[in-house]
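First up is the structure itself, then whatever we jot down about it.
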Amino acid sequence: MTQLDQLRAAMKAAGVDALWVSNPANVRALSGFSSGQDGKVLVTGDGATLYTDARYTVQAQEESQVPQVIARPPETYQDAAQKVKGARVGFEAEHLTVAGLEALREHWDAALVPTRGLVEGVRLVKSPQEVQAIREAQAVADRVFGEVRPMIRAGVRELDVALALEMGLRRAGAEVGFDVIVASGPRGAMPHGVASERVIEDGDLVTIDFGARVNGYHSDMTRTVAVGTPSEDLRRVYNAVLEAEEAAVAAVRPGARTGDLDALARGILERHGLAEAFAHSLGHGVGLNIHEGPSLRKGSEDVLEPGMVVTVEPGAYLPGVGGVRLEDLVLVTEDGHEVLSRAPKERL
Ligand SMILES: CSCC[C@H](N)C(=O)N1CCC[C@H]1C(=O)N[C@@H](C)C(=O)O
């Protein structure tokens, strides 16, 4: 079944005849058009159309796997109006702006129905081509991490580590997937501590979380590295997070409930007295977005299937002291999993 066929089955279950797709990643997923932020897709029972404007005429012809209409609003809505006359048309409640909804109401003789997660649902399981792009993104990130690792030492600014990672990714032909996190010393207590001007000191743990993007697909990996000899306390925290991370990765397999994986890691950290210090979910799916389904969060009932690509990234954050996070990118396979991130983890 193609993604469009799967989507039509989901549309039917949601009670809509057509879907107006405005989430940029969903536009890209359905059409292949890489400037999804400047496009929309209309999916009907027997077709799909990409709407974008004349800046993208050539690009849309080259990339789009569905027929294109080059127009700007209001012509966009007028063209689509003929295709949706009298239909129940879903729109993406989490992405269409209020102004966008008003424009659809003004131009269409159709019942507009809010929907959630229809295209996201068909994006959960990656095709072999999607897995390949993620694999390549992670391979670039692993290589660049290996090149940059020697410069992570006392006297170097976090920003310079981030810059070296970014340059390495760009030189390798990849994009920078998201703002590079380099959180050293006490800044390690910030899970999203993007690189600052702080100068790394002897005895610091330094958390580095970064990813590449290849053909629109992301990688995601975190390593916490030691500079000099961190305190006994920090090493204890590091080893607790390592134990939680390795146990959760080992439990990744088809049929596993993501809430159970989160509970497994959380339980280990709790036994080390770090339950309160684990301030976020265990992980998330990765693809055209850095954060997508399935969610490996507390209580989640999502179930892993072969072809899903997820992160496993427990952490412990101690305000005023520092923090640790270890993250691997993991492909769910028919009989278990494959860890895509290969950069070595330190043993402290
Ligand atoms: C800004 S992208 C951050 C990528 C990173 N690997 C990541 O996903 N992180 C860093 C710490 C927490 C985790 C995160 O943001 N998780 C989300 C899904 C959550 O809500 O827990």
Side-chain angles (χ1 to χ4, degrees), residues 24-25 94 117 120 123-124 134 137-138 140-142 144-145 158 161-162 165-166 169 174-184 187-196 205-214 216-225 237-238 240-242 244-245 248-249 252 258-266 269 274-302 304 308-319 322-331 339-343 345:
E94 292 156 317
E120 287 83 349
R123 286 171 45 203
L124 288 170
I134 296 171
Q138 185 57 56
V140 170
D142 282 337
V144 171
F145 184 76
E158 293 175 352
V161 174
L165 291 167
E166 287 168 9
L169 296 178
E175 293 172 90
V176 179
F178 52 89
D179 284 350
V180 176
I181 293 171
V182 181
S184 64
R187 292 192 76 252
M190 294 190 277
H192 277 202
V194 291
S196 76
L205 286 182
V206 185
T207 297
I208 293 151
D209 184 344
F210 79 113
R213 192 164 54 231
V214 169
Y217 288 84
H218 292 80
S219 71
D220 196 2
M221 173 178 76
T222 307
R223 294 292 181 259
T224 297
V225 303
V237 174
Y238 182 93
V241 173
L242 181 62
E245 204 263 348
V249 168
V252 170
T258 55
D260 294 342
L261 297 176
D262 180 280
L264 173 66
R266 220 165 276 285
L269 289 173
L274 293 168
E276 299 302 313
F278 181 16
H280 51 75
S281 59
L282 177 67
H284 52 86
V286 175
L288 286 171
N289 287 127
I290 182 64
H291 288 159
E292 54 183 58
S295 172
L296 281 69
R297 66 166 188 276
K298 201 173 185 172
S300 171
E301 305 219 334
D302 291 350
L304 295 182
M308 290 179 169
V309 178
V310 299
T311 68
V312 173
E313 50 179 315
Y317 309 96
L318 305 168
V324 175
R325 179 166 66 258
L326 293 167
E327 172 184 25
D328 279 310
L329 186 63
V330 184
L331 168 67
V339 179
L340 301 180
S341 42
R342 301 278 168 86
K345 290 179 207 118

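Since we're looking at a predicted model, the values are computed, not measured. Indexing begins at 1, ligand by ligand and atom by atom, following the structure's order.
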| With distance as the sole test, does T258 use its side chain to make a donor-acceptor pair with the main-chain N or O of D302 at under 3.5 Å? | yes
| field | Backbone N/O of P191 and side chain of R325: donor-acceptor pair under 3.5 Å | value | yes
| Roughly how far apart are T222 OG1 and I181 CD1, rounded to 0.5 Å? | 6.5 Å
| message | List the residues meeting side-chain hydrogen bond (donor to acceptor under 3.5 Å, both in side chains) with E313, not counting sequence neighbours, and say none if there are none. | response | H284, T311
| message | Check this for me: E94, atom CD, are more than 12 non-hydrogen atoms of other residues, nucleotides or ligands nearer than 6.0 Å? | response | yes
Between the protein and ligand 1, which nitrogen or oxygen pairs come in under 3.5 Å, and how far apart is each?
unit_1: ligand 1; atom_1: 6 (N); unit_2: D209; atom_2: OD1; d: 3.2
unit_1: ligand 1; atom_1: 6 (N); unit_2: D209; atom_2: OD2; d: 2.7
unit_1: ligand 1; atom_1: 6 (N); unit_2: D220; atom_2: OD1; d: 2.9
unit_1: ligand 1; atom_1: 6 (N); unit_2: D220; atom_2: OD2; d: 3.0
unit_1: ligand 1; atom_1: 6 (N); unit_2: E313; atom_2: OE1; d: 3.1
unit_1: ligand 1; atom_1: 6 (N); unit_2: E327; atom_2: OE1; d: 3.1
unit_1: ligand 1; atom_1: 6 (N); unit_2: E327; atom_2: OE2; d: 3.3
unit_1: ligand 1; atom_1: 8 (O); unit_2: H284; atom_2: NE2; d: 2.9
unit_1: ligand 1; atom_1: 8 (O); unit_2: H291; atom_2: NE2; d: 2.7
unit_1: ligand 1; atom_1: 8 (O); unit_2: E313; atom_2: OE2; d: 3.2
unit_1: ligand 1; atom_1: 9 (N); unit_2: E313; atom_2: OE1; d: 3.3
unit_1: ligand 1; atom_1: 15 (O); unit_2: H192; atom_2: NE2; d: 2.8
unit_1: ligand 1; atom_1: 15 (O); unit_2: H291; atom_2: NE2; d: 3.4
unit_1: ligand 1; atom_1: 21 (O); unit_2: S281; atom_2: N; d: 3.1
unit_1: ligand 1; atom_1: 21 (O); unit_2: S281; atom_2: OG; d: 2.8

| message | For H280 together with Y317, are the ring centres under 6.0 Å from each other? | response | yes
